Undergrad: 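Pasting in a structure now, in structure tokens, and then I'll have a few things to ask.
These numbers come from a predicted model, not from an experiment.
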Amino acid sequence: MSGQILLLSGPNLDLLGQRSPEIYGTATLADHVRAFEAVVATHGYTVHAVQSNSEAVLIETLHAARTSAVAIAFNPGALTHGSWALRDALEIFTGPKIEIHLSNPAAREPFRHLSTVAGAVSGSIAGFGGLSYVLAAQAIVALLNA
Ligand code: DQA
């Protein structure tokens with residue numbers, strides 16, 4: 001199989017490695033992208049990794065994915081808990097879509113318990129630290145090859 005998978009990261013994830021390491025670990029976003037890429041590459045897929053702190057850029061990137069990507073893996077950061085626009089943008093993409101979180105938002109502060117995007121994705125993987133990215137890559141490949 002072949003095709004490009006969009007690995008999209010939202011606000012503040014550019015600071016992984018420095019940001020609250022007791023919650024998010026010491027690995028950087030580049031480390032997670034590499035781990036994700038290593039899994040999908042063995043199945044013939046490429047990765048287009050984009051991180052933005054801007055909701056508008058994230059929405060535009062999701063729109064562009066309609067013609068460039070076969071699947072989307074997305075960690076929306078804190079926008080998970082409040083962006084209905086991101087949910088709408090995800091709904092437009094018809095291929096497999098996975099929501100990723102390093103931490104388990106359901107076990108954290110109440111404001112993190114709502115995910116606006118959860119209803120617009122194929123499934124969510126949360127709470128496994130860096131392993132969340134590896135599991136998401138495996139899940140995307142399984143959905144693409146199903
Ligand atoms: C996060 C969880 C969010 O609640 C938080 O705002 C983040 C990171 C995670 O990967 O665990 O920025 O998406």
Side-chain angles (χ1 to χ4, degrees), residues 1-53 55 57-59 61-62 65-66 68-146:
M1 301 295 280
S2 67
Q4 186 180 81
I5 298 170
L6 172 64
L7 177 53
L8 188 59
S9 304
N12 304 310
L13 296 174
D14 50 332
L15 295 183
L16 286 176
Q18 304 167 48
R19 172 190 178 204
S20 307
E22 69 287 0
I23 298 172
Y24 301 117
T26 52
T28 64
L29 181 57
D31 294 330
H32 297 310
V33 171
R34 265 193 297 275
F36 184 96
E37 205 157 27
V39 174
V40 303
T42 62
H43 298 273
Y45 295 101
T46 58
V47 175
H48 177 50
V50 175
Q51 187 279 331
S52 180
N53 295 319
E55 185 176 14
V57 171
L58 295 169
I59 291 168
T61 305
L62 288 169
R66 286 183 302 148
S68 59
V70 294
I72 296 172
F74 188 15
N75 184 344
L79 291 172
T80 305
H81 317 301
S83 173
W84 298 105
L86 280 178
R87 181 202 170 104
D88 281 352
L90 272 168
E91 264 176 359
I92 296 165
F93 185 87
T94 54
K97 296 160 265 191
I98 296 203
E99 174 187 2
I100 306 175
H101 298 288
L102 291 157
S103 67
N104 179 3
R108 299 180 61 194
E109 305 96 316
F111 77 88
R112 296 185 202 274
H113 295 180
L114 169 74
S115 169
T116 56
V117 302
V121 292
S122 316
S124 306
I125 295 174
F128 298 97
L131 185 58
S132 289
Y133 281 82
V134 172
L135 295 172
Q138 291 171 344
I140 288 259
V141 167
L143 291 173
L144 285 170
N145 292 349

Undergrad: Nearest 0.5 Å, what's the CG-CG distance between Leu29 and Leu7?
TA: 7.0 Å
Undergrad: Looking only at non-hydrogen atoms, find the nearest pair between Val117 and Pro76 and report the distance.
TA: CG2-CG, 4.1 Å
Undergrad: Can you tell me how far CZ of Arg112 sits from CG of Asn104, rounded to the nearest 0.5 angstrom?
TA: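 Going from CG on Asn104 over to CZ on Arg112, the span is 11.5 Å.
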Undergrad: Distance check, rounded to the nearest 0.5 Å: His101 atom NE2 versus Ser124 atom OG?
TA: 6.5 Å
Undergrad: Would you call Leu58 and Pro11 a side-chain contact if the rule is heavy atoms closer than 4.5 Å?
TA: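 With C-beta onward as the side chain, the pair touches.
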Undergrad: Side chains of Thr80 and Glu99: donor-acceptor distance under 3.5 Å anywhere?
TA: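 No, no side-chain donor-acceptor contact under 3.5 Å.
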Undergrad: Side chains of Asp31 and Tyr133 only: does a donor on one sit below 3.5 Å from an acceptor on the other?
TA: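 No pair is found: no donor N or O on one side chain lies under 3.5 Å from an acceptor on the other.
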Undergrad: Would you check if Val47 and Phe36 make a side-chain contact, meaning some heavy-atom pair closer than 4.5 Å?
TA: yes
Undergrad: I'd like to check Ile100 versus His32 (side-chain heavy atoms, cut-off strictly below 4.5 Å). Are they in contact?
TA: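 Side chain of Ile100 against side chain of His32, heavy atoms only: no contact under 4.5 Å found.
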Undergrad: Would you mind reporting whether Leu102 and Leu16 have side-chain heavy atoms less than 4.5 Å apart?
TA: yes
Undergrad: Taking all non-hydrogen atoms of both residues into account, name the closest pair between His43 and Val39 and its distance.
TA: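 The pair with the smallest heavy-atom distance is CD2-O, 3.2 Å.
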Undergrad: Tell me the closest heavy-atom pair linking Ser132 and Phe128, and the distance in Å.
TA: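 Taking Ser132 first and Phe128 second, the nearest heavy atoms are OG-N, 3.2 Å.
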Undergrad: Any chance you could measure Ile59, atom CD1, to Leu8, atom CG, to the nearest 0.5 Å?
TA: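 Here the interatomic distance stands at 10.5 Å.
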Undergrad: Determine whether Val70 and Ile5 make a side-chain contact, defined as any pair of heavy atoms from C-beta on separated by less than 4.5 Å.
TA: yes
Undergrad: So, for Pro21 and Gln18, which heavy atoms are closest and what is the spacing to 0.1 Å?
TA: CD-O, 3.8 Å
Undergrad: Please lay out, stage by stage, how Ser52 and Thr61 fare under the test side-chain contact (heavy atoms from CB on, under 4.5 Å).
TA: CA-CA 10 Å; Ser52 180; Thr61 305; over 6 Å; no
Undergrad: Is the backbone of Leu6 close enough, under 3.5 Å, to the side chain of His48 for a donor and an acceptor to pair up by distance?
TA: no
Undergrad: So, do Ile140 and Tyr45 sit near enough that their side-chain heavy atoms are less than 4.5 Å apart?
TA: no
Undergrad: Report the distance from atom CD1 of Ile98 to atom CD of Gln138, rounding to the nearest 0.5 Å.
TA: 10.5 Å
Undergrad: Apply side-chain contact (heavy atoms from CB on, under 4.5 Å) to residues Asp88 and Glu91 and explain how you reach the verdict.
TA: CA-CA 5 Å; Asp88 281 352; Glu91 264 176 359; 3.9 Å; yes
Undergrad: To the nearest 0.5 angstrom, please state how far the CG atom of Asn75 sits from the CG atom of Asn12.
TA: 10.5 Å
Undergrad: Do you know which two heavy atoms are closest between Ala126 and Pro105, and how far apart they sit?
TA: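 Reported closest heavy-atom pair: CB-CD, 3.9 Å.
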Undergrad: Under a 3.5 Å distance rule, please check whether His113 uses its side chain to pair with a backbone N or O of Ala107 as donor and acceptor.
TA: no
Undergrad: Tell me whether the count of non-hydrogen atoms from other residues, nucleotides or ligands lying under 6.0 Å of CZ in Arg66 goes above 12.
TA: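 No - once you tally the heavy atoms of other residues, nucleotides and ligands closer than 6.0 Å, there are 12 at most.
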Undergrad: Measure the shortest side-chain to side-chain distance between Arg19 and Asp14 over non-hydrogen atoms and say whether it is less than 4.5 angstrom.
TA: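 The answer is no; the side chains never approach within 4.5 Å.
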Undergrad: Under a 4.5 Å cut-off applied to non-hydrogen side-chain atoms, are Leu86 and Phe74 in contact?
TA: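 With C-beta onward as the side chain, the pair touches.
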Undergrad: Within the distance-only criterion (no hydrogens, no angle test), does the side chain of Ser20 pair as donor or acceptor with the backbone N or O of Ile23 below 3.5 angstrom?
TA: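 No; zero donor-acceptor contacts below 3.5 Å.
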Undergrad: Between Leu144 and Pro96, which heavy-atom pair has the shortest distance, and what is it?
TA: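 That closest heavy-atom pairing would be CD2-CG, 3.9 Å.
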